[in-house]
Amino acid sequence: MAVEQQKIVTNSPGLVDLSALEARRRIADGALSAVELTAACLRRIATGEEAIQAWSSIDEGYAMGQAERLDAYRRTGQPLGPLHGLPVGIKDIIDTRDLPTENGCALDAGRRPDEDAWLVARLRAAGAVILGKTVTTECAYLAPAKTRNPHNLEHTPGGSSSGSAAAVASGMVPLAVGTQTGGSVIRPASYCGVVGFKPTFGLIPRSGVLRTSRRLDTVGTFGRTIADVALLADVLAGYDAADPDTTPAAAPRILDTALSEPPVTPRLAFVKTPAWTGIEADCAEGFAELVAALGDHCDEVELPRIFSEGAAAHRRIMLTEIAHNLRHYYDRGSERLAEETRSAIEEGRSISAVDYLAAHDWREPLYAGLEEVLERYDAIVTPAVAGEAPAGFGSTGSAAFNVLWSFVGVPAVTLPLLTGANGLPIGVQLVGRRHADGRLLRTARWLVNTLGA
C-alpha cells in the first residue's frame, strides 16, 4: 500500500478546490470575491448533493446574501476578518439563529434556535459565510445518517460529523466544523480523505452545541490542508464563561505556529495502542511502510498495559452523561429514537455512580503516562482508524483508535496519507500534548513535507 496524499474527490478543478488559506489571500487581494466563491460552492453542491447528501439544511439566498454584504463591507476599505468571505459548513448540532438546528433527531424536526452558538457568532464576526448545516448522526451518536462517502457511495463516511467531512472532501465547502466525543472528527476525516483536527479539550467553547458529554465533547475542524484546520481553530479558540471547561488565556496562535518551521527535526513515537488487535492488514502494512520511511525520526513505543483501561473508562463516562443529557428525548418519545441512541441511554442509566466516578480517576494518570512519552518525542503517530471506510451503512465504523485521546483531552489530527486495498483513504493520526495544538500541527506539516506527500 502506497504512502501518498489522497486526492480529494472533485468533478473538475476550480475555485472550490482552493485551500481556505489561498482563497483568503485572493479575497484580500481583490482577485476573488465572496460572492464568486460562495456561488462556486453552491454550484458544486447542486451537482453533488443528490448523491452525497452532506447537508441537512441549505438556503442559497441566505448564503449569497451574506456574501454580498461581505463584499460590500470590503469595498469600504475597513479591515477584514480572518475568515472574510470563506464559506463554512456547520454540524447540525450547533445552534444557528437563521437556519434549523435539528440535531439529526426526528424529535427536533423544525427546531429553530433564537440565538447562535458561541462559535457561530465568532465565525460571523470573523467574516465567514455560514453556508449551511451539515448532516450529523442522531444526537451525534452512532445511528448512521443519510450521508455517503464521496470516494465510494457504497461506503460509510463515518460519523458523527459525517456531513462536515463529506462536504469538504467533495469540494462543496472549504471549511467545516464538527464535534468529537469518541471519534467523530478524526474517523470521518480519515474515511473521507481530508484533514480533521480535534484540539485540546476546552480550547473551543461549546455554548449552544448539543451536549452529550460535558467531560468529553470537543469542537473540531475540517479542511483540505493542515493550515486550513489551523486557521479555523485559531478563530474559534477562546473563553466563554458559559462553558465551564474553557479558561481565560492568551490567544494560542495556532496558525502562526503551525506555519512555522520546527526549531529542531521532530521525532515521532509510533504507538499501536490497545486497539491494534483490530487493525486491518492494509492499514498495518501502510504503517510499516510509513515507519520505515521515517527511519531514525521515528521509534516504536509501547504503552504500559494500564492504558487498556482507557476505552472502558471513556465508555462509562460517555454513556452515563448521554443518559443524563439526552434523557428528555427518551422521555418525550423513546420509540422515535434510533436503536443505537435508545440503547446508549438505557445502558448509561444502568451504570452506577461509583463506576462513573471511578472512571474519572483514570484520566490524569493516563495523561501523565503520555506526558512521559511526549517529553521525549514531538508527537505520537498512530492509526486514525482500523482501515478503509467499511462498505454499507449499518455502522459508521469503529472509534477504537480515537477514544483514548478523547478521554485524556489531548489534541489529535488526521492526515490523508495512506490508501487502502480498495483505493479508499486511510488517515495517519498524530497526537500531542495538551495546549500544544500549534506545535502538533507544525509537526504534522513537517511529516507531510518529509514524505513529499
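What you see below is based on every heavy atom in this structure, not just the backbone, and it leaves out hydrogens, waters and symmetry mates. Everything quoted here is computed from the prediction, not taken from an experiment.
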Novice: So for atom CD, which belongs to E372, do other residues, nucleotides or ligands contribute more than 12 heavy atoms lying within a distance under 6.0 Å?
Specialist: no
Novice: Is there a side-chain contact (heavy atoms from CB on, under 4.5 Å) between I130 and I90? Walk through the geometry before answering.
Specialist: CA-CA 7 Å; I130 307 303; I90 309 294; 3.9 Å; yes
Novice: Do you know the tightest heavy-atom contact between L175 and V168?
Specialist: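 Closest pair (atom of L175, atom of V168, distance): C-CG2, 4.1 Å.
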Novice: With heavy-atom distances below 4.5 Å as the criterion, would you say the side chains of P252 and D437 are in contact?
Specialist: no
Novice: Under a 3.5 Å threshold, yes or no: a donor from one side chain and an acceptor from the other, between Q180 and S406?
Specialist: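 Yes, because at least one side-chain N or O of Q180 sits under 3.5 Å from a partner of the opposite role on S406.
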Novice: In this structure, are over 12 heavy atoms from other groups packed under 6.0 Å from D296 atom CG?
Specialist: no
Novice: Is there a side-chain contact (heavy atoms from CB on, under 4.5 Å) between R26 and L18? Walk through the geometry before answering.
Specialist: CA-CA 10 Å; R26 294 192 188 187; L18 295 174; 3.5 Å; yes
Novice: To the nearest 0.5 Å, what is the distance between OG1 on T246 and OH on Y239?
Specialist: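 Here the interatomic distance stands at 6.0 Å.
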Novice: For side-chain hydrogen bond (donor to acceptor under 3.5 Å, both in side chains), just list the numbers for T147 and Q53, CA-CA rounded to whole Å, side-chain angles, deciding distance to a tenth of an Å, and then say yes or no.
Specialist: CA-CA 5 Å; T147 307; Q53 302 181 68; over 6 Å; no
Novice: Where do F401 and T273 land on the side-chain contact (heavy atoms from CB on, under 4.5 Å) test, with the steps shown first?
Specialist: CA-CA 8 Å; F401 282 97; T273 80; 3.9 Å; yes
Novice: May I ask you to check if R349 and Y330 form a cation-pi contact, with NZ or CZ under 6.0 angstrom from the six-membered ring centre and within 45° of the axis?
Specialist: yes
Novice: Where do L231 and L21 land on the side-chain contact (heavy atoms from CB on, under 4.5 Å) test, with the steps shown first?
Specialist: CA-CA 8 Å; L231 168 65; L21 215 58; 4.0 Å; yes
Novice: Just wondering, do L424 and T419 contact through their side chains at under 4.5 Å, heavy atoms?
Specialist: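 In short, these two side chains do not touch, never coming nearer than 4.5 Å.
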Novice: Would you say S164's side chain and V177's backbone share a donor-acceptor pair under 3.5 angstrom?
Specialist: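 Flag set: sc S164 to bb V177 pair under 3.5 Å.
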Novice: Going by atom types only, do D116 and T96 share a side-chain donor-acceptor pair under 3.5 Å?
Specialist: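 Checked: D116/T96 side chains show no N/O donor-acceptor pair below 3.5 Å.
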Novice: Taking the side chain as C-beta and beyond, is there a heavy-atom pair between R122 and V235 under 4.5 Å?
Specialist: yes
Novice: What is the distance from atom CD of E138 to atom CD of E339, rounded to the nearest 0.5 Å?
Specialist: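 Answer rounded to 0.5 Å: 10.5 Å.
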Novice: Does the side chain of T443 come within less than 4.5 Å of L430's, by heavy atoms?
Specialist: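 Sidechains of T443 and L430: in contact.
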Novice: S207 and D240: side-chain hydrogen bond (donor to acceptor under 3.5 Å, both in side chains), yes or no, with the steps?
Specialist: CA-CA 8 Å; S207 304; D240 175 19; 2.3 Å; yes
Novice: Would you mind checking if D245 and R214 are paired as a salt bridge, meaning a charged N to carboxylate O distance below 4.0 Å?
Specialist: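 Counted as a salt bridge, because a side-chain N and a carboxylate O are separated by less than 4.0 Å.
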Novice: Is a side-chain N or O of K146 found less than 3.5 angstrom from the main chain of W55, in a donor-acceptor match?
Specialist: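 Checked: pair present.
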Novice: Are any of the side-chain heavy atoms of T218 and T179 separated by less than 4.5 Å?
Specialist: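 No; the side chains remain at least 4.5 Å from each other.
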Novice: Look only at the side chain of T134 and the backbone of G163, and say whether a donor-acceptor pair between them is shorter than 3.5 Å.
Specialist: no
Novice: Would you call E375 and R267 a salt bridge, taking side-chain N to carboxylate O under 4.0 Å as the test?
Specialist: no
Novice: So do H151 and P425 actually touch side chain to side chain, heavy atoms under 4.5 Å?
Specialist: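 Answer yes - side chains close enough.
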Novice: Set out, in order, the CA-CA distance, both residues' side-chain angles and the distance that settles side-chain hydrogen bond (donor to acceptor under 3.5 Å, both in side chains) for R44 and S170, then state yes or no.
Specialist: CA-CA 8 Å; R44 178 61 62 84; S170 55; over 6 Å; no
Novice: So which atom in I317 and which in S213 form the shortest heavy-atom distance, rounded to 0.1 Å?
Specialist: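 So the minimum-distance heavy-atom pair works out to CG2-OG, 4.2 Å.
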Novice: Under a 3.5 Å distance rule, please check whether S352 uses its side chain to pair with a backbone N or O of D355 as donor and acceptor.
Specialist: yes
Novice: If we ignore hydrogens and angles and just use 3.5 Å, is the side chain of T137 paired with the main-chain N or O of G159 as donor and acceptor?
Specialist: no
Novice: Side-chain contact test, heavy atoms from C-beta onward, threshold under 4.5 Å: evaluate it for H297 versus T265 and give yes or no.
Specialist: yes
Novice: Taking atom types as modelled, find out whether K272 and T382 have a side-chain donor-acceptor pair closer than 3.5 angstrom.
Specialist: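 Absent: no donor and acceptor within the cut-off.
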Novice: Describe, in one word, how the ring planes of F270 and F287 are oriented to each other, choosing from parallel (under 30°), tilted (30 to 60°) and perpendicular (over 60°).
Specialist: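 Parallel, since the angle between the ring planes stays under 30°.
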Novice: Is there a donor-acceptor contact under 3.5 Å from the side chain of S56 to the main chain of K133?
Specialist: yes
Novice: Between the side chains of R439 and T257, is a donor N or O closer than 3.5 angstrom to an acceptor N or O?
Specialist: no
Novice: So which heavy atom on R342 is nearest to which on S334, and how close?
Specialist: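 Of all heavy-atom pairs spanning R342 and S334, the closest is NH1-O, 3.0 Å.
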Novice: Taking the six-membered ring of F201 as reference, does the cationic atom of R215 (NZ for Lys, CZ for Arg) lie under 6.0 Å from its centre and within 45° of its axis?
Specialist: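 No, cation not above the ring by the 6.0 Å, 45° rule.
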Novice: Suppose we call two aromatic rings close when their centres sit under 6.0 Å apart. Are H314 and W405 close by that rule?
Specialist: no
Novice: Does the side chain of S160 come under 3.5 Å of the side chain of K91 through a donor N or O and an acceptor N or O?
Specialist: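 A donor-acceptor contact under 3.5 Å links the two side chains.
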Novice: Looking at A384 and I186, what are the two nearest heavy atoms and their distance?
Specialist: CB-CG2, 3.7 Å
Novice: To the nearest 0.5 Å, what is the distance between CG on D361 and CD on E309?
Specialist: 12.0 Å
Novice: Is the side chain of R327 donor-acceptor paired with the backbone N or O of H324 at a distance under 3.5 Å, no angle test?
Specialist: yes
Novice: Does the pair T181 and D217 meet the rule for a side-chain hydrogen bond (donor to acceptor under 3.5 Å, both in side chains), with working shown?
Specialist: CA-CA 5 Å; T181 304; D217 292 346; 2.5 Å; yes
Novice: To the nearest 0.5 angstrom, please state how far the CG atom of L370 sits from the CD1 atom of I380.
Specialist: 5.0 Å
Novice: Does any donor atom in the side chain of T225 or D228 lie under 3.5 Å from an acceptor atom in the other side chain?
Specialist: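 Yes.
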Novice: Without swapping roles, check the side chain of N103 against the backbone of C139 for a donor-acceptor pair under 3.5 Å.
Specialist: no
Novice: Hey, does the side chain of N149 reach the backbone of T156 with a donor-acceptor pair shorter than 3.5 angstrom?
Specialist: yes
Novice: For L83, does its backbone N or O pair with a side-chain atom of R24 as donor and acceptor, under 3.5 Å?
Specialist: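 Such a contact is absent between R24 side chain and L83 backbone.
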Novice: Kindly indicate, with the supporting measurements, whether the criterion salt bridge (Lys or Arg N to Asp or Glu O under 4.0 Å) is fulfilled by E347 and R315.
Specialist: CA-CA 10 Å; E347 183 177 344; R315 182 174 179 83; 2.8 Å; yes
Novice: Would you say the side-chain atoms of N325 and T212 include a donor-acceptor pair closer than 3.5 Å?
Specialist: no
Novice: Would you name the heavy atoms of S161 and V185 that are closest together and state the gap between them?
Specialist: OG-CG2, 4.4 Å
Novice: With heavy-atom distances below 4.5 Å as the criterion, would you say the side chains of W276 and P383 are in contact?
Specialist: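 Yes; the side chains approach each other to less than 4.5 Å.
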Novice: Is the shortest distance from a Lys or Arg side-chain nitrogen in D243 or R206 to a carboxylate oxygen in the other one below 4.0 Å?
Specialist: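 Looking at D243 and R206, the cut-off is met.
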Novice: Take E364 and R434, measure what salt bridge (Lys or Arg N to Asp or Glu O under 4.0 Å) needs, and give me the verdict at the end.
Specialist: CA-CA 12 Å; E364 294 309 314; R434 292 175 185 167; 3.2 Å; yes
Novice: Work out which heavy atom in R148 is nearest to a heavy atom in A51; give both atom names and the distance.
Specialist: CG-O, 3.6 Å
Novice: For atom CZ of R253, is the number of surrounding heavy atoms from other residues, nucleotides or ligands below 6.0 Å larger than 12?
Specialist: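 No, not enclosed.
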Novice: When rounded to the nearest 0.5 angstrom, what is the spacing between CG in L418 and OG in S190?
Specialist: 8.5 Å
